[in-house]
Amino acid sequence: MNARITPAPAQSDLEAFWMPFTANRQFKANPRLLTRAEGMHYWTADGRQVIDAVAGLWCVNAGHGRREIKEAVARQLSVMEYAPTFQMGHPIAFELANRLAAIAPPGMDRVFFTNSGSESVDTALKISIGYHRARGAGQRTRFIGREKGYHGVGFGGMSVGGMVNNRKFFGSSMLPGVDHLPHTLDISHNAFSRGLPQWGMHLANELERLVALHDASTIAAVIVEPISGSAGVVLPPVGYLKRLREICDKHDILLIFDEVITGFGRVGKPFASQAFDVIPDLMTTAKGLSNGAIPMGAVFAQRKIHDAFMQGPENVIELFHGYTYSAHPVACAAALATLDIYATEELLTRAAALSPTWEDAVHSMRGLPNVIDVRNYGLIAAVELEPRAGKPGARAFDVFLKCFERGVMVRQTGDVIALSPPLIIERSHITQIVETLSQVIRETA
Ligand SMILES: Cc1ncc(COP(=O)(O)O)c(C=O)c1O
């Protein structure tokens, strides 16, 4: 079969699209164009099959080209392509919220819909401030993020985020009053940990220091990713998240888990909160919610947070926030079909069963040239490479390019190669991914 179903654009046709988070000139000189996807694979414009070791962008958890999702989307488009959710409603938005509440961590049964992870984060930050205000603590407006955190690209998410390249151009436009916890990546203590690192729980106590500096009465919320993905897979040390929870409770500070990548089965439970047995007050999600098929995000809130807003005259809007496409009917249809697949194929827990195989496979890369760390949890892994002198990121970028040429799509961030395959992955795919990556690392000086 000819896999090229969309003709590849000519070089000159690539100029108008200003690509996100991309080295545009490098890409356009040597484009990597994907034109079809099915199961674990993409096909390129020149007809090559490429195994997807990153679930698109950590989102296609049920694998590509799922018939059930396509059919649900087509059906919804033919029945009602759009309906507003401002002062109006449509049934499947409520159905989806109920389905999500049923798999959520305990008590997180109120759901606010968005269209992306960035929107979920900014929504959760606004809800935090609104919650405190509704309780008469309107001076609680500060946020505490974390170094190396990634919370999307809105002004709120950028401000609480801790990745320098995402911040430095926009420095003077950050939200005021934001501070950051130290990150927890320390390979001098934790290199080649299998699963969660043992060292580093004490880093959570830095929150007490920030509370002492700013006073708890000024702080609305702490936001962290249970596992940071974009910064190159940073795992929480054993006990770290529980300690954050304790300190937040002590000072009446909300805890937000950004589960945009860890949500929907990535770590062997529906959410990392459940895997780590730490329940936040707010949880931001997107990506796996709709299997990447239609953009969608959701913020889960503890009922007490939601209920704090439900005061005043009943005809008055309680939260002045929302998006034209919050709970878009087509996205709701895609998400419901996705949840059905997750349930039928038990994908929200499959990563737990596969994780020992995955862990052994990725740790086989220990000892390869320039490999200075391998980290893993659930169906996530990172291989960190020694940076080339004076050229940070260059070695890993070469590895990324060569893997793609050899039929494996990985993700590069700094000198880290990150892996987060669709949760339908089979053992043979794991072998192929790790063998190709190992070979490429061996060949890349
Ligand atoms: C933890 C986290 N939060 C937020 C986002 C932003 O999501 P989006 O790109 O959908 O806005 C991402 C994206 O990778 C993420 O990993």
Side-chain angles (χ1 to χ4, degrees), residues 19-22 52 54-61 112-128 143 145-163 165-167 170 175 178 180-181 183-185 221-236 241 255-267 271-273 275-276 280 282-300 323 325-326 328 331 334-335 338 377-382 410-414 416 418-421:
M19 299 174 69
F21 278 121
T22 294
D52 180 3
V54 281
L57 210 47
W58 306 74
C59 46
V60 187
N61 288 4
F112 195 100
F113 288 110
T114 71
N115 307 290
S116 67
S118 299
E119 289 182 359
S120 290
V121 167
D122 282 14
T123 299
L125 298 178
K126 288 174 74 175
I127 290 177
S128 305
F143 295 113
R146 192 168 54 180
E147 296 164 359
K148 287 190 183 287
Y150 182 63
H151 301 293
V153 293
F155 280 95
M158 172 178 74
S159 304
V160 293
M163 291 176 67
N165 285 330
N166 297 347
R167 296 167 56 87
F170 318 105
L175 287 186
V178 174
H180 291 76
L181 290 163
H183 67 78
T184 64
L185 180 65
V222 168
I223 178 166
V224 292
E225 302 153 274
I227 297 175
S228 309
S230 301
V233 180
V234 183
L235 298 169
L241 294 172
L255 179 61
I256 306 171
F257 275 178
D258 185 347
E259 295 233 22
V260 166
I261 62 156
T262 49
F264 300 101
R266 175 64 47 204
V267 298
F271 300 97
S273 155
F276 299 141
L282 291 157
M283 185 171 79
T284 54
T285 69
K287 298 203 188 239
L289 166 56
S290 51
N291 207 38
I294 302 283
M296 186 171 222
V299 179
F300 293 66
Y323 303 95
Y325 301 129
S326 284
H328 190 288
T338 300
Y377 195 86
L379 271 175
I380 301 175
V410 299
R411 179 123 180 90
Q412 172 248 341
T413 163
V416 173
L419 304 173
S420 57

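Here the structure is a predicted model, which means the values were calculated and not measured. Side-chain atoms are counted along with the backbone in the values below, which use heavy atoms only and exclude waters and symmetry mates. One-based numbering, in listed order, for ligands and for the atoms of each.
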Between the OG atom in S230 and the OH atom in Y150, the distance rounded to the nearest 0.5 Å is 6.0 Å
Does even one non-hydrogen atom of G229 get within less than 4.0 Å of ligand 1?
-> no
Regarding ligand 1, does [X] bring an N or O atom to under 3.5 Å of one of the ligand's N or O atoms?
X    : result
E225 : no
D258 : yes
E119 : no
G117 : yes

Just checking, is any N or O donor in the side chain of T338 or S290 under 3.5 Å from an acceptor N or O on the other one?
-> no
Closest to atom 4 (C) of ligand 1 by heavy-atom distance, out of G152, G149, C59, S116, is G152
Under a 4.0 angstrom heavy-atom cut-off, which atoms of ligand 1 come close to [X]?
X    : answer
S118 : 6 (C), 7 (O), 8 (P), 11 (O)
H151 : 3 (N), 4 (C)
S230 : 14 (O), 16 (O)
K287 : 13 (C), 14 (O)
I261 : 16 (O)

Mind checking whether F170 and F155 have ring centres under 6.0 Å apart?
-> no
What do you reckon, are the aromatic ring centroids of F300 and F271 less than 6.0 Å apart?
-> yes
Stepwise ring-ring contact (aromatic ring centres under 6.0 Å, His included) check, F276 with Y377 = CA-CA 11 Å; F276 299 141; Y377 195 86; 5.2 Å; yes
With heavy atoms under 4.0 Å as the rule, classify the contact between Y150 and ligand 1 as side chain, backbone, both or neither.
-> both
What is the minimum heavy-atom distance between S128 and A221, and which atoms define it?
-> OG-CB, 3.7 Å
Between T284 and I256 the two heavy atoms that sit nearest each other are CG2-CG2, 4.3 Å
N61 (side chain) donor-acceptor with G288 (main chain) under 3.5 angstrom = no
